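First the proteins, then the strands, lettered A, B, ... as listed; each starts at 1. Please read all numbers here as calculations on a predicted model, not as lab measurements.
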Protein chains: 2
Amino acid sequence: MIRAGIVVTGTEVITGRISDSNGPWVSERLAELGVEVAHIIVVADRPDDLEAALRFLADEGMDLIVTTGGLGPTADDLTAEVVARFAGRELVLDEEMLAKIAEILSNFARRLKLDEAALLDSNRKQAMVPEGATALDPVGTAPGLVVPAGERIVIVLPGPPRELQPMWRVALSTEPVQEVLARATPLHGYTLRMFGVPESEIAKSLREIEADDGVDLGAVEITTCLRRGEIEIDIRFRDEAAAVAERVRDGLAGRHRKETFSLDGETVDDQVAALLRGHRLGLAESYSGGLLAARITNLPGSSAYMAGSIVAYSNEAKAELLGVDAALIESKGAVSPEVAEAMAIGAIDRFGADVAVSITGIAGPDGGSEEKPVGYVCFNARLADGTAIARDPVIPGSRFDIRERSALVGMHLLRTLLSGSDAPM
Amino acid sequence: MIRAGIVVTGTEVITGRISDSNGPWVSERLAELGVEVAHIIVVADRPDDLEAALRFLADEGMDLIVTTGGLGPTADDLTAEVVARFAGRELVLDEEMLAKIAEILSNFARRLKLDEAALLDSNRKQAMVPEGATALDPVGTAPGLVVPAGERIVIVLPGPPRELQPMWRVALSTEPVQEVLARATPLHGYTLRMFGVPESEIAKSLREIEADDGVDLGAVEITTCLRRGEIEIDIRFRDEAAAVAERVRDGLAGRHRKETFSLDGETVDDQVAALLRGHRLGLAESYSGGLLAARITNLPGSSAYMAGSIVAYSNEAKAELLGVDAALIESKGAVSPEVAEAMAIGAIDRFGADVAVSITGIAGPDGGSEEKPVGYVCFNARLADGTAIARDPVIPGSRFDIRERSALVGMHLLRTLLSGSDAPM
């Protein structure tokens with residue numbers, strides 16, 4: 001098993017000012033190549049901490065170490081220097097690289113009318129390469145490095161994703177990295193998505209699959225996670241375990257037929273977008289305040305089926321813009337299955353839509369009651385012909401959670417309504 | 001100097017399927033307390049890798065180790081077990097905790113009609129506590145832990161941010177953690193927010209403040225970052241540097257008066273919410289698809305001033321629901337300052353509002369032209385008396401960026417209109 005560690009450098013990352021996307025990106029690329037990523041370590045711009053992280057990964061027997069960031073011209077950019085020390089190699093000036101950087105910078109300087117000499121001076125350190133290492137041409141101004149360090153290879157990449165990602169492909173093509181990857185066996189995977197089932201039920205099903213179906217779960221890597229209200233189950237396997245992985249997948253999908261909406265990682269957004277083609281959608285939202293509309297219009301091409309949404313936050317708006325009978329609001333309350341139904345009918349009418357979803361609820365923190373607590377939400381998803389699915393769950397969590405979850409439930413009700421499958425809730 | 005390491009567990013994090021917000025969040029909280037965070041380590045759900053990370057942080061002399069995640073009921077949730085082994089403490093069943101979990105779960109089971117016994121069975125492991133550790137009451141179903149391990153304290157927290165964040169405060173109040181924190185000297189901070197100024201201008205101003213005003217920037221820690229379209233400048237300092245920090249803050253605010261909207265970390269959302277009190281707001285959104293409405297209604301209490309939003313995605317909807325003259329759309333185009341104005345007027349009219357904002361633009365990827373490229377967006381923020389601010393910038397970035405940024409611009413136009421301050425753009 002080939003294993004790797006990733007070291008993400010940058011004080012702005014460790015302080016949370018910038019959220020790192022490089023670690024997970026490199027990690028996913030490595031997983032696809034069959035390399036197991038054991039650790040992603042974020043360190044501030046302190047050389048001792050960076051070197052300690054490198055030594056730790058070496059001690060843990062990593063075959064590959066990837067660093068990101070710290071290749072800039074400023075004083076706190078120290079990665080090349082620290083990696084050279086870690087690998088026991090002298091830093092030497094790479095004249096060819098210096099020339100390449102000079103050319104990039106002179107264009108840059110001309111465009112921005114900067115002092116070229118000063119610029120070059122501060123970028124000279126970027127042309128310093130550890131002896132025996134392979135320098136990778138800059139995408140921005142910082143070259144990357146592939147540095148042999150004892151039994152292992154260190155790939156040194158710049159921090160900006162638009163520089164890191166193209167350079168990653170170049171790094172993979174170098175001989176030292178190719179040699180390591182040749183020893184890895186690629187990993188395959190299934191991603192199941194479910195809605196409306198608790199994680200504990202999945203744990204139970206996995207125990208059954210092992211005990212009753214006699215499947216050896218140890219042969220595959222299974223991760224279950226709750227992701228924005230949905231359960232995502234990832235089954236990773238190598239060729240020899242393909243049959244086991246299939247049995248796990250089918251065992252889970254069979255036990256949670258109604259809740260399983262994706263066997264291949266496809267999201268509910270993708271599915272709803274496909275199902276909506278040829279339809280005309282109108283929405284009526286109250287307390288979800290446009291979240292469902294925002295989610296649906298986030299998909300490119302949504303203008304083909306999305307007519308719009310009436311966010312009727314006030315009762316007057318519900319009456320005037322959606323034609324909900326004020327007396328109904330008075331008698332049943334703005335948050336009631338009856339008003340949700342009237343809102344959906346209003347959306348179909350006002351947008352000339354053939355499918356509509358309405359959401360009205362109590363997001364809190366105030367406005368809850370004994371009978372209708374904070375989190376009580378009424379949904380109505382319907383077709384112009386009157387076919388409808390109505391739900392009125394109590395959604396747990398914060399105001400933010402309740403609103404987010406409502407948009408999700410709206411998506412799943414749309415999926416269920418348009419695909420004619422059983423409602424998972 | 002008190003130092004800490006954070007260990008984020010979860011295969012779903014290391015594979016990049018979930019992006020971790022806990023590491024940076026805990027890191028920021030620790031920084032506020034004057035604790036220096038040396039490493040954030042992400043590990044998959046493999047006990048050996050987790051234990052190795054803990055040992056590394058111990059060897060590096062961390063006073064505090066915080067772990068997040070891996071406290072669930074499933075077999076791959078191993079944090080408590082591994083931390084117990086690391087600390088050399090037996091796991092024992094905490095009957096009191098088991099009772100608490102049982103109560104939470106039986107409510108849960110009743111609501112979702114689940115097999116309570118199975119639920120309890122798979123959650124029993126969550127009540128196992130290392131001997132001599134302090135168990136922290138569950139926010140969800142997973143208790144947290146404060147575990148003394150030799151010279152250091154390990155704080156074990158659950159993965160879901162909505163559980164982790166409240167539990168963090170409880171963990172801080174425990175005696176072992178208090179003892180460690182007593183040795184740290186707190187960092188204070190100012191957070192300035194600006195809108196409509198490039199990062200390079202801030203760098204320039206900081207150089208001036210050092211050169212012209214003779215302020216020693218080395219005495220404080222300044223981080224500048226572009227955060228969702230706004231510039232966030234964080235000035236961190238210890239008591240002795242309070243005067244310097246103040247001069248830096250005032251020097252920046254003075255040089256960017258129009259662009260600085262917050263000296264104390266207050267967000268534009270907070271400010272708009274305060275400014276809207278006593279008003280009645282109506283929105284008219286096209287391609288932003290409800291994002292501005294969602295952002296405004298995300299604030300508790302928004303129902304006091306938010307009438308609603310008409311998300312008029314189709315041209316018919318713009319005409320029928322907002323009363324925009326179809327001929328105007330025909331002659332000027334759906335994305336034009338004229339249509340934006342008509343939409344805002346329509347929103348004031350339809351919602352009986354005294355303030356309105358309209359957004360119409362081209363999010364792409366398709367629909368752009370020479371004259372109106374992708375990212376061209378027209379805004380109109382106006383009061384019922386006709387006072388208005390109109391803007392039609394070309395917003396760079398992806399479809400997602402353009403939509404997000406549009407909601408942000410909408411917020412700043414509202415702030416500017418209602419506060420009577422100069423528009424920063």
Between [X] and chain A, with a heavy-atom cut-off of 4.5 Å, which part of the residue counts as in contact: side chain, backbone, both or neither?
| X | result |
| --- | --- |
| B:R350 | both |
| B:N123 | side chain |
| B:E36 | side chain |
| B:L291 | both |
| B:R29 | neither |
| B:T15 | both |

### Task
Measure distances from A:L217 to the heavy atoms of chain B and classify the residue's part below 4.5 Å as side chain, backbone, both or neither.
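Contact with chain B is absent: no heavy atom of A:L217 under 4.5 Å.
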### Message
Is A:L292 in contact with chain B via its backbone, its side chain, both, or neither, using a 4.5 Å heavy-atom distance?
### Response
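When you check distances to chain B, no heavy atom of A:L292 falls under 4.5 Å.
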Atom of [X], atom of [Y] and distance for their closest heavy-atom approach:
| X | Y | value |
| --- | --- | --- |
| B:E60 | A:A52 | OE1-CB, 3.4 Å |
| B:R162 | A:D401 | NE-OD2, 2.9 Å |
| B:T11 | A:E221 | CG2-OE2, 3.6 Å |

### Query
Any side-chain heavy atom of A:H39 within less than 4.5 Å of one from B:H39?
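The answer is no, as the side chains (C-beta and beyond) never meet within the 4.5 Å cut-off.
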#### Entry: residues 294-305 of chain B: residues contacting chain A (heavy atom under 4.5 Å, by number)
B:A294, B:T297, B:N298, B:L299, B:P300, B:S302, B:S303
### Query
What are the residues of residues 306-315 of chain B, in order of number, with any heavy atom under 4.5 angstrom from a heavy atom of chain A?
B:M306, B:A307, B:G308, B:S309, B:I310, B:V311, B:A312, B:Y313, B:S314
Mind ranking [options] by heavy-atom pairs under 4.5 Å with chain B and telling me who comes out on top?
| options | answer |
| --- | --- |
| A:I41, A:D20, A:I14, A:V43 | A:I14 |
| A:E199, A:R280, A:K318, A:R228 | A:R280 |
| A:E201, A:R236, A:E285, A:R46 | A:R46 |
| A:S19, A:S398, A:A53 | A:A53 |

### Residues B:R55, A:D59: salt bridge by 4.0 Å N-O rule
no
### Message
Using a 4.5 angstrom heavy-atom cutoff, name the option from B:A38, B:A317, B:P24 with the most pairs to chain A.
### Response
B:A38
### Task
Could you tell me whether a side-chain N or O of A:T223 sits under 3.5 Å from a main-chain N or O of B:E12, the two making a donor and an acceptor?
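Not a single qualifying donor-acceptor pair exists.
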